[in-house]
Amino acid sequence: MKALILVGGFGTRLRPLTLSFPKPLVDFANKPMILHQIEALKAIGVTEVVLAINYQPEVMLNFLKDFETKLGIKITCSQETEPLGTAGPLALARDKLIDDSGEPFFVLNSDVISEYPLKEMIEFHKGHGGEASIMVTKVDEPSKYGVVVMEDSTGQVDKFVEKPKLFVGNKINAGIYLLNPSVLNRIELRPTSIEKEVFPKIAAEKKLFAMVLPGFWMDIGQPRDYISGLRLYLDSLRKKSSSKLASGSQIVGNVIVDETAKIGEGCLIGPDVAIGPGCIIEQGVRLKSCTIMRGVRVKKHACVSSSIIGWHSTVGQWSRVDNMTILGEDVHVCDEIYSNGGVVLPHKEIKSNILKPEIVM
């Protein structure tokens, strides 16, 4: 089986982290976002993953070469010279996706994190005999999304309603699809949307079916959702393989710590924290609802909450960093500084307080 991951463009919503790495290579729970998906695909027998990408393909491929051999899966790129939306990339990668087997292929949005019940999706797809399957997830506020109106008993999709003003349902497109090769005949090589142009036509022919995603789901393409997604992911990890989570007198709730990180005495860490490789957390530090990326040093008695600390940054002693502060790569917060929602570009030194959310150039 094959799979296409829609990687897309510049990752502007996750800047300043994406100024250092393409978005799919930004760490989430101590491994690059895209690796969560590739590992899930490999686990159900996908042999080749095609990345649809229009930004820095060489960086992506150089990085993923190591994982090709480790995971034993072929990874190739299909490069767009202009942005092609969510359907155009399928037409561009047509020759890579089609082979003699006639097997369906997966399409995933690279920002989506979930439990990836791909095996169940294959069974669902074979069971209904239609042309395409999509995953849907239930949300509390459907008016922000495109809602999928479907027959609950069979999963047959009736129609899509974009950002409805009146309640039509609470199931939204979760960005995970399983498509028969014939779907490619419906897509022209031009900028086009699979959700707005391709799926409605398949639904009109009653050949589109939706499966409700069990477990959690989050689009982690922006900082607030990234931090919520980490909480959901760690919660799911607790249920499935809690041995991967840290434990001990300094740990509260769900925390993941790389084995090469060092944690000093008298710290309180958690809930919902990820600490990456080579990090040094000095004594008396408080961390909660945050991601501390590779090579970061958090100095004595600092407090970090609801924030993302980028690679090789430093948080000074007695500093306080909270309210969606995002530090890019190699940012140094001096001692006794307060950051309230600062978004700091790479290679900066912060010598004065950031009292309200702002971008620091």
Side-chain angles (χ1 to χ4, degrees), residues 1-8 21-53 55-80 89-90 92-126 133 135 174-181 184 213-215 220 229 233-234 236-237 240-245 256 258-260 274 276-278 293-294:
M1 276 188 95
K2 297 184 178 185
L4 179 86
I5 299 179
L6 295 166
V7 172
F21 291 91
K23 184 171 56 178
L25 300 186
V26 170
D27 299 304
F28 177 81
N30 289 354
K31 64 180 158 193
M33 283 187 192
I34 202 164
L35 211 53
H36 291 272
Q37 299 185 326
I38 294 174
E39 285 176 354
L41 290 163
K42 166 69 183 171
I44 52 115
V46 167
T47 52
E48 183 175 347
V49 175
V50 181
L51 308 178
I53 189 168
Y55 174 61
Q56 293 186 320
E58 50 296 320
V59 179
M60 288 280 292
L61 277 180
N62 290 342
F63 179 86
L64 291 166
K65 275 283 165 276
D66 299 344
F67 290 103
E68 263 198 327
T69 24
K70 255 184 226 165
L71 295 172
I73 190 167
K74 186 179 176 190
I75 301 170
T76 57
C77 268
S78 170
Q79 191 185 356
E80 307 163 37
L90 278 73
L92 188 65
R94 183 190 174 100
D95 295 343
K96 292 179 189 285
L97 294 171
I98 283 194
D99 54 24
D100 303 332
S101 71
E103 284 283 312
F105 58 89
F106 281 101
V107 177
L108 283 83
N109 179 337
S110 71
D111 292 352
V112 165
I113 196 91
S114 75
E115 286 173 7
Y116 307 116
L118 305 177
K119 190 163 172 281
E120 294 83 335
M121 195 175 190
I122 295 171
E123 285 161 17
F124 172 75
H125 186 75
K126 286 180 176 159
S133 299
M135 286 269 194
I176 302 171
Y177 319 131
L178 186 55
L179 311 176
N180 285 353
L184 293 169
L213 181 74
I220 54 172
Y233 173 83
L234 293 176
S236 156
L237 205 58
K240 285 181 7 195
S241 48
S242 60
S243 60
K244 290 182 179 170
L245 294 172
I256 189 166
D258 186 89
E259 57 190 16
T260 60
M293 293 190 176
R294 182 179 61 249

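Every heavy atom of this structure was used, including side-chain atoms; hydrogens, water molecules and symmetry mates were not. Everything numeric in this text was worked out from a predicted model, so none of it was measured.
Residue I44 comes nearest to F106 through the heavy atom pair CD1-CE1, 3.5 Å, listed as atom of the first residue, atom of the second, then distance. Residues I73 and T47 come closest through the heavy atom pair CG1-O, 3.5 Å. Minimum interatomic distance between T76 and K96 (heavy atoms only, all atoms of both residues): OG1-CD, 4.0 Å. Among all heavy-atom pairs drawn from L25 and F21, the shortest one is CB-CB, 4.3 Å. Between G276 and D258, the shortest heavy-atom distance links the atoms C-CB, 3.5 Å. I98 approaches K2 most closely through the heavy-atom pair O-NZ, 4.3 Å.
Residues P32 and D27 form a side-chain contact, since some pair of their non-hydrogen atoms from C-beta on lies under 4.5 Å apart. Taking the side chain as every heavy atom from C-beta outward, K23 and I34 never approach each other to under 4.5 Å. Within the 4.5 Å cutoff, side-chain heavy atoms of L213 are placed close to those of P117. Under the 4.5 Å side-chain criterion, counting only non-hydrogen atoms from C-beta, S110 is not in contact with L6. No side-chain heavy atom of I176 sits less than 4.5 Å from a side-chain heavy atom of N109. Side-chain atoms of L97 and L179, non-hydrogen and from C-beta on, never get closer than 4.5 Å to each other. Residues M1 and E48 form no side-chain contact, since every pair of their non-hydrogen atoms from C-beta on lies 4.5 Å or further apart.
Here L178 contributes atom CG and E103 contributes atom CD; the two are 9.0 Å apart, rounded to the nearest 0.5 Å. Here the straight-line distance linking atom NE2 of H36 with atom CG of L108 works out to 13.5 Å at 0.5 Å rounding. To the nearest 0.5 angstrom, L237 atom CG is 4.5 Å from L245 atom CG. Considering CE of M135 and CE of M121, their distance stands at 4.5 Å, rounded to 0.5 Å. Summarising the geometry, atom CG belonging to L51 is positioned 9.5 Å from atom OG belonging to S78; distances are rounded to the nearest 0.5 Å. Annotation: the span from S133 atom OG to E123 atom CD amounts to 12.0 Å, rounded to 0.5 Å.
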